[in-house]
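Every heavy atom of this structure was used, including side-chain atoms; hydrogens, water molecules and symmetry mates were not. In what follows, every chain begins at residue 1, and chains take the letters A, B, ... in the order their sequences are listed. This structure is a prediction, so every number in the text was calculated from the model and none was measured.
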Amino acid sequence: MVRSERPDRYDVKAVEKRWQIEWERQDLYSVGSVDERPKFYCLEQFPYPSGHLHMGHVRVYTLGDIIARYRRMSGHRVLHPMGWDAFGLPAENAAIKSGVSPRISTLANIAYMKTQMRQMGLSFDWSHEVTTSEPEYYRYTQELFLLFYERGLAYQKAGAVNWCPSCETVLANEQVEEGLCWRCEAKVVKRDLTQWYFRITDYAQRLLEDLEGLDWPQEIVTQQRNWIGRSVGAEVRFAVPLIDDVISVFSTRPDTLYGATYVVLAPEHPLVERLVEGRKEEEAVKNFVAEERVVSDIERTAENTDKRGIFTGAYAEHPLTGAMIPIWVGNYVLSDYGTGAVMGVPAHDHRDYRFAQKYDLPMRRVVAADHADQPSDEAYTGGGILMESDRFNGMDSDQAKSEIAALLAQKNRGGPRITYRMRDWLISRQRFWGAPIPIVHCSECGTVPVPLAQLPVLLPDHAKFTGRGQSPLAQLADWVETTCPQCGHRARRETDTMDTFVDSSWYYYRYTSPSSTSPFDPKQAAYWMAVDEYVGGKEHAVLHLLYSRFFTKVLYDAGLVSVVEPFRRLLSQGMVVYRGKKMSKSKGNTLSPESIMAEWGSDATRVFILFAAPPEKDFEWSEQGVEGAYRFLQRVYRLAQRSVRMTVASGGADDLMARVRARTVHKVTDDLERRSFNTAVSALMEYTNSLYQNWEEMSTEGRRAGLETLVVLLAPFAPHLADELWHDFGHEQSVHLAVWPNYDAVLLVDPEVEVAVQINGKVRFKVVVPAELNADGLAARVLAEDRLRDHLNGRSVAKVIAIPGRLVNVVVR
RNA sequence: GCCGGGAUGGCGGAAUCGGCAGACGCAGAGGACUUAAAAUCCUCCAAUAGGGAACUAUUGUGCGGGUUCAAAUCCCGCUCCCGGCACCA
């Protein structure tokens with residue numbers, strides 16, 4: 001035992017240090033070799049190596065660690081790895097400022113954060129560590145890119161994309177939050193660029209359907225569902241004789257087709273130019289398009305933005321009535337949703353109504369509300385009975401939707417169709433510190449994938465970070481210039497790197513076999529996947545979590561993995577709040593994990609984090625709170641010290657304490673299973689209190705059994721102190737190799753129970769009765785009570801409800 | 001606007017399947033120990049009213065209704081807070 005100056009306290013720093021060294025010496029948390037035990041894959045989102053852990057990290061890793069430790073003790077073979085999401089902008093920006101190469105600063109940051117994690121006493125198996133920015137990792141990120149390319153899931157496309165002027169790179173749709181860059185909060189603008197995409201939309205339906213079977217928080221599932229945004233409707237094709245072409249629109253309301261009085265194209269729609277070419281409207285329409293394209297996306301898509309439009313002078317043929325209706329260009333139509341064109345049904349759509357009002361376009365009512373009053377000054381968007389709709393008159397909207405869609409299909413003018421809100425994932429970035437896209441552009445052969453044998457496409461080590469002009473890669477002529485792998489002619493390398501979310505979409509596969517000479521060993525992946533428990537923040541609800549699901553489905557289709565979903569169970573932890581606000585440098589309310597560990601130790605910090613709030617809720621840091629956790633651990637320590645100088649005692653409380661012990665084991669186990677860590681800690685506190693209270697009446701054996709159970713149960717929560725006390729008790733092996741305690745179910749039932757007696761639902765008194773008493777016996781026992789008569793005051797008993805072990809309700813009148 | 005989550009003492013929270021509301025901790029009050037303080041150990045701690053006290057009664061889980069012998073929990077109607085999406089046709 002490491003002794004401190006004070007006999008009534010243990011020296012937290014010395015104890016924690018000692019066991020950290022000892023665990024490492026023994027390689028205690030190594031996965032070990034395959035045996036009979038069931039596997040358990042416990043994963044926490046790996047950090048970006050910014051240089052220091054923050055309190056959010058401390059919380060996630062504490063949560064993951066307690067789960068890993070509990071599973072290990074309860075007989076699982078646990079994979080609990082850690083690594084680094086090490087590509088990204090901050091390192092590159094630092095290089096621009098200070099000239100230090102991103103790789104050097106990243107590796108230094110990793111080294112430091114690793115020591116912080118060791119100080120936290122986290123039970124990682126470091127032999128599975130991965131670093132996404134090292135060639136031995138990104139080589140396989142590139143290999144997976146090529147797999148996607150081969151399967152037609154990686155492609156280049158020109159178009160208006162989100163551009164962050166501050167990061168000087170493009171962003172995926174998921175990475176734009178309310179018009180701002182997710183990372184730096186700069187205003188995102190549109191740029192026309194040719195970029196690389198992953199065809200995630202091909203998987204939209206499966207990504208939606210498979211949400212069903214996941215043990216994930218409702219909140220996250222809902223967010224993903226909304227993000228995918230499935231809409232059922234119909235495609236409607238309007239012929240345009242003028243250019244001998246067809247305008248295709250998507251509508252969720254084919255039942256209102258007879259009410260369509262015009263068609264609107266997005267300004268970016270490919271047909272706009274041809275429609276007006278060489279005609280008197282050409283100049284005005286082109287000016288309109290040019291103006292609208294300058295307007296930012298946020299402004300364009302804000303609901304209160306004025307609807308603006310211009311008539312093209314051209315007409316389209318209504319597919320069912322044959323009427324010629326005007327074709328407009330309008331700012332309220334999005335180019336990248338549906339077909340980039342809509343049919344205008346002003347009587348039954350708010351937006352069309354406002355547009356039609358402004359430009360004085362005709363309205364046709366074709367749906368009569370079947371119950372409610374129809375508003376006369378706005379669109380009626382509900383369902384009802386069709387009118388003015390030819391042979392569909394009198395039909396209800398729901399039926400008309402499918403019948404009109406069927407008719408369109410029959411006439412080859414469209415048909416039923418499903419559209420998703422989600423867009424393809426833009427993965428190219430005009431930055432240096434990422435995995436280079438393994439593509440060569442050859443003037444003869446075009447776009448050529450780099451052959452597997454030539455991977456990795458290494459990041460050059462002589463790049464200059466000026467912060468000006470193109471990406472550092474594009475400025476390195478000797479890196480860019482290469483030869484075509486197919487024809488040997490001179491060619492240019494692709495200078496874009498991949499979005500760092502690509503790196504993190506598959507790291508949990510790499511963990512299973514970190515030195516595999518393929519992205520991962522399919523046998524290891526088959527053994528370990530899916531992840532049994534994934535702990536992370538809510539901020540990745542539709543980013544990392546969606547991308548990872550997509551990757552898994554592609555890998556499944558390629559026959560490389562046997563699961564269709566990567567994360568079976570998800571624990572989405574809340575924020576760490578300090579002084580009422582989310583911690584941030586700008587608010588000046590940050591807390592450094594270093595100083596907290598130094599002051600209270602990591603055991604107390606862990607216990608407090610787990611105790612103060614359920615994991616999914618926000619958690620408020622409090623000095624007094626952590627002190628309470630610290631006091632609790634010292635109290636356990638002092639109790640354990642008593643065992644060395646035991647006084648002779650009766651053992652009168654042994655039976656009672658055996659039951660308390662069984663109850664505690666049951667409670668803590670159940671709470672850990674359902675991730676109710678705060679109540680598990682509270683059960684340990686109650687148990688400790690109970691040991692204090694009954695100590696004098698316990699026998700030597702009773703005390704010892706009671707203490708050992710306490711220490712084993714405490715092991716996942718306060719691993720250092722638990723191991724210290726365990727060894728004090730004379731055990732040679734670490735407490736973390738101990739078996740999770742069992743209990744005799746018989747002991748959970750007390751021989752006598754206290755039952756509340758209610759009169760008309762109000763508790764009046766309590767009786768102690770034998771536990772095995774059945775409902776009738778209980779009722780009879782209570783009716784014979786003198787105290788009941790006192791409360792009746794002459795009223796008569798109408799009914800007695802007796803629930804054994806709980807209460808008796810006597811209904812009187 | 002749509003979708004999701006939530007509201008329980010002075011505070012964080014508990015009540016797992018409709019069955020004793022407030023476990024556990026923090027803060028607070030008191031006692032023991034001490035020359036004293038800290039630390040520790042023990043006790044009390046929802047509100048209101050009566051009483052010296054034990055105790056007793058009433059009220060009480062955001063608000064208003066309902067179902068039930070019994071509601072923090074289920075149903076209907078609201079209020080407020082947090083999060084996500086939002087001109088997505």
Problem set entry | G83(B), syn or anti by chi within 90 degrees of zero | anti
Exercise. Do the side chain of Asn694(A) and the main chain of Glu697(A) share a donor and acceptor less than 3.5 angstrom apart?
Worked result: no
Exercise. Which whole number of Å gives the distance between the C1' atom of G22(B) and that of A14(B)?
Worked result: 8 Å
Exercise. Distance check: side-chain N/O of Arg635(A) vs OP1/OP2 of C42(B), anything under 4.0 Å?
Worked result: yes
Exercise. Taking the C1' atom of each, how far is A27(B) from G12(B), in whole Å?
Worked result: 11 Å
Got a list of protein N/O to nucleotides 69-71 of chain B N/O distances below 3.5 Å?
from   : atom 1 : to        : atom 2 : distance (Å)
C69(B) : O2'    : Asn809(A) : ND2    : 3.0
C69(B) : O2     : Asn809(A) : ND2    : 2.8

Exercise. Taking OP1 and OP2 of A86(B), is either one under 4.0 Å from a side-chain nitrogen or oxygen of Arg421(A)?
Worked result: yes
Exercise. Just how far, in rounded Å, is P of C24(B) from CG of Asp671(A)?
Worked result: 15 Å
Problem set entry | Per Leu334(A) side chain, nearest of listed nucleotides A89(B), G12(B), G19(B) | A89(B)
Exercise. Among G19(B), G25(B), A15(B), which nucleotide sits nearest the side chain of Phe611(A)?
Worked result: G25(B)
Seminar exercise, completed: Judged by whether its glycosidic angle lies within 90° of 0, C44(B) is anti
For this session: Searching all strands shown, indicate the nucleotide that pairs with G1(B) (Watson-Crick or G-U wobble; both distances under 3.5 Å).
Result: C85(B)
Exercise. Do any N or O atoms from the side chain of Asp618(A) and from the backbone of Met575(A) form a donor-acceptor pair under 3.5 angstrom?
Worked result: yes
For this session: Taking atom P in both C44(B) and G83(B), compute the distance separating them and give it to the nearest angstrom.
Result: 41 Å
For this session: Could you work out which one of G19(B), C41(B), A23(B) sits closest to the side chain of Tyr692(A)?
Result: C41(B)
Exercise. When you measure from the side chain of Thr252(A) to the backbone N and O of Gly233(A), does any donor-acceptor pair fall under 3.5 Å?
Worked result: no
Exercise. If you check the Val763(A) side chain, which of G25(B), A23(B), A21(B) turns out closest?
Worked result: A21(B)
Exercise. Looking at the side chain of Ile803(A), which of C41(B), G19(B), C20(B) is the nearest nucleotide?
Worked result: G19(B)
Problem set entry | Side chain of Val342(A) - closest among C3(B), C87(B), A89(B) | A89(B)
Problem set entry | His348(A) (side chain) donor-acceptor with Tyr380(A) (main chain) under 3.5 angstrom | yes
Exercise. Can you check salt bridge (Lys or Arg N to Asp or Glu O under 4.0 Å) on Asp349(A) and Arg253(A), steps first, answer last?
Worked result: CA-CA 9 Å; Asp349(A) 182 281; Arg253(A) 293 296 303 274; over 6 Å; no
For this session: Could you please name the option among U59(B), G13(B), A27(B) that lies closest to any side-chain atom of Ala613(A)?
Result: G13(B)
Exercise. Is Lys307(A) close enough and on-axis enough to Phe355(A), meaning under 6.0 Å and within 45°, for cation-pi?
Worked result: no
Problem set entry | Separation between the P atoms of A32(B) and A38(B), rounded to whole Å | 14 Å
Exercise. side-chain hydrogen bond (donor to acceptor under 3.5 Å, both in side chains) between Asp352(A) and Tyr332(A): does it pass, once the steps are laid out?
Worked result: CA-CA 9 Å; Asp352(A) 296 342; Tyr332(A) 74 104; 2.8 Å; yes
Problem set entry | Lys NZ or Arg CZ of Arg421(A) over Trp227(A) ring: under 6.0 Å, within 45° | yes
For this session: Please give the nucleotide sitting opposite C11(B) as a Watson-Crick or G-U wobble pair, both distances under 3.5 Å, or none.
Result: G25(B)
Seminar exercise, completed: U40(B) -> Watson-Crick or G-U wobble partner, both distances under 3.5 Å, gives A32(B)
Exercise. Between the side-chain atoms of Lys762(A) and the base atoms of U58(B), is any donor-acceptor pair under 3.5 Å?
Worked result: no
Seminar exercise, completed: Across every strand shown, the nucleotide meeting Watson-Crick or G-U wobble geometry with A49(B) (both distances under 3.5 Å) is U56(B)
Exercise. With sugar-phosphate meaning primed atoms plus P, OP1 and OP2, does Thr419(A) contact a base, only sugar-phosphate, or nothing at under 4.0 Å between heavy atoms?
Worked result: nothing
For this session: Between G66(B) and A71(B), how far apart are the P atoms? Round to whole Å, please.
Result: 13 Å
Exercise. Among U58(B), U16(B), G84(B), which is the nearest nucleotide to the side chain of Asp670(A)?
Worked result: U16(B)
Exercise. Of the nucleotides G83(B), A89(B), G13(B), which one has an atom closest to the side chain of Asn678(A)?
Worked result: G13(B)
Problem set entry | Identified pairing partner of G64(B), criterion: Watson-Crick or G-U wobble below 3.5 Å | C76(B)
Problem set entry | Euclidean distance, atom CZ of residue Arg354(A) to atom C1' of A89(B) [Å, nearest integer] | 14 Å
Problem set entry | Rounded distance in Å - CZ (Arg225(A)) to P (G84(B)) | 18 Å
Exercise. Looking at the side chain of Lys617(A), which of C87(B), G19(B), G13(B) is the nearest nucleotide?
Worked result: G13(B)
For this session: Spell out, as yes or no, whether a donor-acceptor pair under 3.5 Å connects the side chain of Arg237(A) to the backbone of Val246(A).
Result: no
Exercise. Expressed as a whole number of Å, how far does the P atom of C24(B) sit from that of C33(B)?
Worked result: 27 Å
Problem set entry | Closest heavy-atom pair and its distance - Tyr692(A), Arg635(A) | OH-O, 2.8 Å
Exercise. Taking the same atom, P, in G1(B) and in C74(B), what whole-Å distance lies between them?
Worked result: 26 Å
Exercise. Mind checking the C1' distance from A72(B) to U61(B)? Whole angstroms is fine.
Worked result: 5 Å
